[in-house]
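We count ligands from 1, going down the list as the structure has it; atoms in each ligand are counted the same way. Counting begins at 1 with the first residue of the sequence. Values below: every heavy atom of this structure, side chains too, minus hydrogens, waters and symmetry copies. Because the structure is a prediction, the values reported are computed rather than measured.
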Amino acid sequence: MTGADTAPSGAPGGAGTFRDRLRAAFAHALRGLAADGVCPVGAEDLPALLEQVRETAEAKFGDYSGTMAMGLAKKAARKPRDLAVEIARRLADAPGYSAAFAPPGDPVGPGFINVRVRDEALSAAISAAFVDERLGVPRVAAPATIVVDFSSPNVAKPMHVGHIRSTVIGDSLARLLAFRGHRVITDNHLGDWGTQFGMIIWGWRRFGDEAALAADPTAELGRIYRLVRRLADAAPEDLAADPQLAALAAEHPGAAREVLLETARLHEGDPENRALWERFMPACLADIEKLYRRLDVHFDHRLGESFFQPFLAGVVDDLVARGLARESRGAIGVFLDGDDKPPFLVRKGDGAFLYATTDLATIRWRLEHWNPDRILYVVDHRQGQHFEHLFATAKRWGLPGIERVALEHVAFGTVLGDDGRPFKTRAGDTVGLESLLDEGVERAFALTAGDEGLDDAERRRVAETVGIGAIKYADLCQNRTTDYVFSYDKMLELKGNTAAYMQYAVARVEGVLEKGGIDREALWRSAPAIVPADPRERSLALAILRFGEVLEDVEADSRPNLLTAWLYDLAGRYSAFYDALPILKCAEPERTSRLALCDLTGRVLRKGLGLLGIGTVRTM
Ligand code: ARG
């Protein structure tokens with residue numbers, strides 16, 4: 001992010017975002033400081049310093065502000081304000097500066113260098129964005145190959161609310177990185193080989209019901225899974241509380257051990273267990289596919305744990321041969337933090353491989369086949385240590401190309417109920433994802449009850465988009481690393497930072513054009529000049545043109561909530577504009593200019609929601 005992160009968009013006159021252009025000018029100024037001996041600034045210091053060129057919090061301070069003088073002053077042995085004066089002077093002379101920005105005034109306060117975008121430059125940029133298919137968003141200058149590993153549920157157990165976070169955050173990151181111009185490869189690393197299959201295989205042989213499996217395989221497999229799980233995990237107090245369970249447990253005293261044996265047999269290639277696994281998998285997949293379709297989430301690949309099984313023994317052998325892993329009490333592990341700390345296990349004493357082994361095989365496979373620059377793992381923060389160890393091991397393993405791959409755990413917090421504890425049903429079960437979506441949609445449907453002019457089928461469609469959009473947005477607008485409280489009431493509110501509010505904003509913006517009978521295609525073809533003369537037009541136009549800057553920031557830290565915050569801010573600015581200024585009723589050329597601004601706002605909001613995986617509706 002040195003001001004050269006993005007290349008010009010396809011728009012005529014496009015030259016990166018205003019922030020890019022200003023950062024380039026600041027880079028010039030800072031290099032000048034160093035050359036003139038005012039302050040030692042090395043090339044390696046530049047990126048962090050240029051990060052301090054950002055939009056201002058309040059329009060009265062200008063549009064953008066550079067705040068690095070305060071941090072640099074010590075190094076230069078000057079007062080921050082004096083240093084700011086030196087920077088500002090060089091800024092004004094930087095190539096390209098004066099085409100886009102007014103001369104910087106005197107630094108403000110302790111040394112803020114505030115900068116205002118020139119009206120003509122703003123008009124040119126927003127008019128160019130209007131006719132640009134990319135809405136003024138530049139492509140990255142150096143596209144990377146980025147693997148996004150997300151969703152990745154353990155199949156054959158019902159997907160629960162925890163999986164929504166990985167699915168929704170991962171999908172949004174993938175969409176937005178692709179829009180930025182990267183080569184994105186999405187992969188659903190399914191847990192399709194774990195102990196849950198031992199449970200189902202063992203349970204099926206004892207409690208399976210052929211007719212039930214034929215009628216509704218997921219329900220039957222779910223029933224068996226839950227039953228065996230309770231049986232295998234039952235504590236004495238569970239048995240005391242449930243005589244039926246106690247009777248079953250007495251009948252199958254070795255359940256827990258036998259379940260593990262069935263898993264081991266599956267892994268060893270036992271033909272009968274393998275046949276059962278193959279029989280159950282299609283139903284498991286169909287089940288999650290249904291959810292993905294509903295969520296409008298798609299993957300390029302679905303290379304689950306089972307896919308990597310043939311490679312695991314080789315991975316362990318290779319780690320041992322390279323002296324990275326060794327035996328310890330029958331098991332094999334990588335001692336990352338010295339001999340006295342627990343190792344990163346890659347093979348258990350009984351010969352079984354682990355989650356870690358599969359993940360190592362997966363990294364090697366991805367490197368060989370995809371040659372990525374980055375791999376993002378969108379997974380619960382509770383797996384933080386696993387990924388720390390995994391990445392450290394992978395780096396030491398010496399796979400060709402590993403040194404230049406960024407391995408990143410995009411961690412997220414827990415979804416809580418209103419009692420502040422992990423979100424559960426009243427009965428204390430985890431909440432299934434399917435019923436969660438159903439309820440969101442049902443509630444959205446109830447809210448559209450008063451809407452005339454919508455027939456039932458239309459209402460259903462609107463409710464699906466609004467209900468699912470609400471659930472996704474409620475998740476994406478959170479700071480991903482913190483826990484958040486799940487609330488249907490809040491997420492469906494029409495006010496505040498919610499999907500419903502944003503969808504409503506789109507409908508409202510586009511309603512203006514509809515009401516005026518505006519032919520949007522023709523307006524687009526006419527490539528009108530947008531002249532943001534009023535402060536409210538100006539504020540709206542500047543926010544629209546920040547789209548590319550915001551996406552850059554989202555990418556830098558994998559934080560979609562920066563995008564939701566910006567969308568919300570944009571909708572607010574649109575309201576201020578719409579409430580204060582006539583649009584359809586004003587004279588030309590303002591009328592066309594304002595209509596174009598409306599149209600562009602609508603397209604930008606729609607695109608922003610689209611990058612979050614959220615749809616829009618015509619009316620609501
Ligand atoms: N299946 C795992 C779980 O549900 C998540 C897998 C994440 N991806 C990975 N490559 N480990 O906890």
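With hydrogens left out, the protein atom closest to atom 8 (N) of ligand 1 is Asp149 OD1, 3.2 Å, a heavy atom. Looking only at heavy atoms of the protein, atom 6 (C) of ligand 1 is closest to Tyr355 OH, 3.2 Å. Protein heavy atom nearest atom 2 (C) of ligand 1, with residue, atom name and distance: Ser152 O, 3.5 Å. Scanning the protein heavy atoms around atom 12 (O) of ligand 1, the nearest turns out to be Gln383 NE2, 2.8 Å.
Looking at Val378, Thr358, Val379 and measuring to atom 7 (C) of ligand 1, the nearest heavy atom belongs to Val379. Of the candidates Asn154, Leu190, Asn188, the one placing a heavy atom closest to atom 1 (N) of ligand 1 is Asn154.
Contacts with ligand 1 closer than 4.0 Å are made by side-chain heavy atoms of Asp359 only, the backbone lying farther away. Contacts between Phe387 and ligand 1 below 4.0 angstrom, taking non-hydrogen atoms only, involve the side chain exclusively.
Taken to the nearest 0.5 Å, the OG atom of Ser558 stands 5.5 Å off from the CZ atom of Arg374.
Atom CZ of Arg404 has more than 12 neighbouring heavy atoms from other residues, nucleotides or ligands inside a 6.0 Å radius.
Between Trp277 and His267, the gap from one ring centroid to the other reaches at least 6.0 Å. The ring of Trp365 has its center no closer than 6.0 angstrom to the ring center of His301.
Classification of the Phe280-Trp204 ring pair by plane angle, with boundaries at 30° and 60°, yields perpendicular. Relative ring orientation between Tyr377 and Phe391 is described as tilted, the plane-to-plane angle lying within the 30° to 60° band. Relative ring orientation between His409 and Phe387 is described as tilted, the plane-to-plane angle lying within the 30° to 60° band.
Of all atoms in ligand 1, listed by their number and element, those nearer than 4.0 Å to a heavy atom of Tyr377 are 10 (N). Proximity to His189 (heavy-atom distance under 4.0 Å) selects the following atoms of ligand 1: 8 (N), 9 (C), 10 (N).
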